[in-house]
Amino acid sequence: MKRFLALMFSLLIVSIASAQNLYNLVPTPPMGWNSWNLVEKEVNEQILKEIADAMVKNGMREAGYQYILIDDFWVGGRDNQNRLFPDQNRFPNGMKAVADYIHSKGLKLGIYSDAGPLTCAGVTGSFGFETIDAKTFAEWGIDYLKYDYCGAPEDVETAFTRYKKMGDALRATGKPIVYSICEWGHRKPWLWAKAAGGHLWRTGGDSRDVWQSNNFTYLGIMEIFDQQEGLQQYAGPSGWNDPDLLMVGLYGKGKSSSLEGRFKGCTTIEYRTHFALWCMLAAPLIVNLDVRNIDDTTYQILMNKELIAIDQDKLGKQGYTILRKGELQVLKKELEGDDVAICIFNRSEKPVSFNFNIQKELGIWFPLSVRDASNNKSWKNVKKVNGILQSHACIVYRFNNFGK
């Protein structure tokens with residue numbers, strides 16, 4: 001293992017030095033939409049165009065949601081030259097035509113494949129065809145690849161080798177393509193994913209549309225959130241921990257996230273907290289609800305400019321827990337220009353009051369002005385923050401210097 005880690009470290013140094021321009025594709029966490037929970041195997045050209053149109057019309061593109069990501073089920077097979085082609089019934093004009101349309105809307109297109117012979121859904125994967133598939137994606141105009149790990153060996157050495165092979169193939173095309181490593185955190189990809197060429201890497205299993213599942217197989221938002229503890233040192237500009245998709249606004253309607261109705265979704269309060277926590281984690285903000293028919297409450301959650309600014313902060317720091325007090329959990333995220341974001345989160349099933357001394361308990365010592373990023377309020381000369389949080393609610397404060 002020591003020899004393997006030393007090899008990965010040397011490869012990381014070489015990769016960064018030789019391909020710095022391709023590593024700068026995501027200086028902040030990517031934002032966008034993914035097809036999986038809304039449409040699964042029904043993903044098609046028309047739906048993708050409608051999603052793009054909606055994201056332009058409703059302002060999501062201007063807010064930073066720039067990627068439209070096609071998940072599993074899109075592949076039709078390989079032609080007589082071993083080139084992938086999309087399902088011809090659902091993508092009658094081919095994938096380049098889809099990319100051209102998405103680009104014409106000022107958005108970017110992502111696609112999905114697998115490091116095994118077959119994807120998780122059982123359609124054609126990329127194992128053994130990495131070079132030709134990377135070239136094909138580049139020729140189509142693909143901007144982002146989510147690369148899964150179904151049907152592949154369990155050991156970390158094989159995972160690294162397979163992911164690096166695709167990472168090298170993507171870089172060799174010369175086209176900037178964001179590389180999302182999706183092996184579910186089983187082999188600790190935060191230790192090696194950058195050396196394999198990755199720009200982001202999943203830190204856990206698939207998230208479900210439930211606050212807490214209490215089931216090891218099906219992870220709820222809280223199980224996913226707790227898996228992020230201790231990983232903050234591995235996140236930063238152009239290399240992000242990925243705790244999976246945002247469940248915000250699904251309300252039990254996602255096909256996979258609800259397991260066809262087994263999970264009934266979360267409350268509005270829980271979705272607000274979910275979004276705020278992902279922003280504190282500097283996580284990718286990838287939604288998978290129907291943005292063509294988004295309700296006002298969900299829209300306000302996903303379009304909170306102050307929380308998005310915290311997620312997209314150029315310093316690139318991931319938030320981390322600094323304090324637990326009963327059922328309250330407090331996270332801190334350092335921001336550009338010496339600003340600090342603090343999230344106070346009530347994990348309990350009952351309302352809980354809080355009263356924190358900013359200097360002694362939160363460790364912020366400079367003269368303060370305070371912005372409530374959750375509710376758009378401001379104060380000056382504040383020494384304490386206090387209030388009452390409903391069950392599963394949180395509040396996010398942004399602290400900054402007076403002289404700024």
Side-chain angles (χ1 to χ4, degrees), residues 28-29 31 59 63-64 211 221 225 246 248-249 266-283 285 295-348 350-404:
T28 60
M31 298 172 62
W211 183 248
I221 292 166
F225 171 68
L246 285 165
V248 176
C266 301
T267 67
T268 297
I269 286 177
E270 289 167 346
Y271 285 140
R272 285 197 183 101
T273 296
H274 178 22
F275 187 76
L277 292 177
W278 262 228
C279 290
M280 289 293 296
L281 292 172
L285 301 180
D295 64 88
D296 289 342
T297 299
T298 299
Y299 183 80
Q300 294 303 320
I301 294 172
L302 296 177
M303 296 290 282
N304 185 314
K305 292 182 179 180
E306 298 192 46
L307 291 178
I308 290 174
I310 289 171
D311 177 82
Q312 296 288 296
D313 184 76
K314 292 180 180 179
L315 192 61
K317 295 288 188 178
Q318 177 172 313
Y320 55 94
T321 301
I322 59 168
L323 177 66
R324 287 180 181 264
K325 191 172 185 179
E327 292 295 327
L328 293 175
Q329 182 173 355
V330 181
L331 288 81
K332 179 180 181 179
K333 185 179 191 300
E334 290 95 359
L335 305 173
E336 187 180 33
D338 296 325
D339 281 12
V340 176
I342 293 287
C343 175
I344 303 171
F345 168 37
N346 175 15
R347 299 183 66 114
S348 79
K350 298 179 180 179
V352 174
S353 61
F354 66 91
N355 189 347
F356 290 108
N357 183 289
I358 292 172
Q359 292 186 346
K360 294 180 180 179
E361 295 180 279
L362 302 184
I364 301 172
W365 295 91
F366 49 75
L368 302 173
S369 66
V370 182
R371 179 72 176 168
D372 177 350
S374 300
N375 300 295
N376 302 317
K377 298 178 181 179
S378 298
W379 303 272
K380 292 185 177 180
N381 300 314
V382 176
K383 296 182 178 180
K384 293 184 177 182
V385 289
N386 54 66
I388 298 175
L389 289 173
Q390 297 301 310
S391 172
H392 301 168
C394 76
I395 190 167
V396 178
Y397 296 105
R398 182 171 185 142
F399 299 93
N400 54 52
N401 292 304
F402 278 150
K404 293 177 55 181

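Predicted, not measured: the structure shown is a model, and the values here were computed from it.
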Say you draw a straight line from [atom1] of [X] to [atom2] of [Y]; how long is it, rounded to the nearest 0.5 Å?
X      : Y      : atom1 : atom2 : value
Glu327 : Phe345 : CD    : CZ    : 9.5 Å
Ile358 : Lys384 : CD1   : NZ    : 10.5 Å
Cys279 : His274 : SG    : NE2   : 10.0 Å
Trp278 : Ile221 : CH2   : CD1   : 6.5 Å
Leu281 : Leu331 : CG    : CG    : 7.0 Å
Phe356 : Tyr397 : CZ    : OH    : 10.0 Å

Do [X] and [Y] make a side-chain contact, defined as non-hydrogen atoms from C-beta onward lying under 4.5 Å apart?
X      : Y      : value
His392 : Thr267 : no
Thr273 : Trp211 : yes
Leu328 : Asn346 : yes

Taking all non-hydrogen atoms of both residues into account, name the closest pair between [X] and [Y] and its distance.
X      : Y      : value
Cys343 : Leu277 : SG-CD2, 4.0 Å
Cys266 : Tyr271 : N-OH, 3.3 Å
Gln390 : Pro351 : OE1-CG, 3.6 Å
Asp372 : Ser374 : OD1-N, 3.0 Å
Ile322 : Leu362 : CD1-O, 3.9 Å
Pro29  : Ala283 : CB-O, 3.4 Å

Apply side chain to side chain contact (heavy atoms under 4.5 Å, CB included) to Phe354 and Val330, showing your working. CA-CA 11 Å; Phe354 66 91; Val330 181; over 6 Å; no

Quick check: does any side chain N or O of [X] sit under 3.5 Å from a backbone N or O of [Y], one acting as donor and the other as acceptor?
X      : Y      : value
Glu361 : Asn357 : yes
Asp339 : Asn400 : no
Asn375 : Lys377 : no
Ser353 : Gly387 : no

Tell me, with the steps shown, if Lys333 and Ile310 meet side chain to side chain contact (heavy atoms under 4.5 Å, CB included). CA-CA 8 Å; Lys333 185 179 191 300; Ile310 289 171; 3.7 Å; yes

Count the heavy atoms belonging to other residues, nucleotides or ligands that lie under 6.0 Å from NZ of Lys332, then report whether that count exceeds 12. yes

Crowded around Asn376 CG? As in, over 12 foreign heavy atoms under 6.0 Å?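 Above 12, so yes.
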
Would you mind telling me which of Ile364, Val396, Leu323, Val385 makes a side chain to side chain contact (heavy atoms under 4.5 Å, CB included) with Ile342?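 Looking at Ile364, Val396, Leu323, Val385, the match for Ile342 under the side chain to side chain contact (heavy atoms under 4.5 Å, CB included) is Ile364.
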
Between Met31 and the options Leu302, Leu285, Leu246, the side chain to side chain contact (heavy atoms under 4.5 Å, CB included) test singles out Leu285

Would Glu306 and Arg371 pass as an ion pair if we require N to O under 4.0 Å?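 Looking at Arg371 together with Glu306, the answer is yes, because their closest N to O distance falls below 4.0 Å.
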
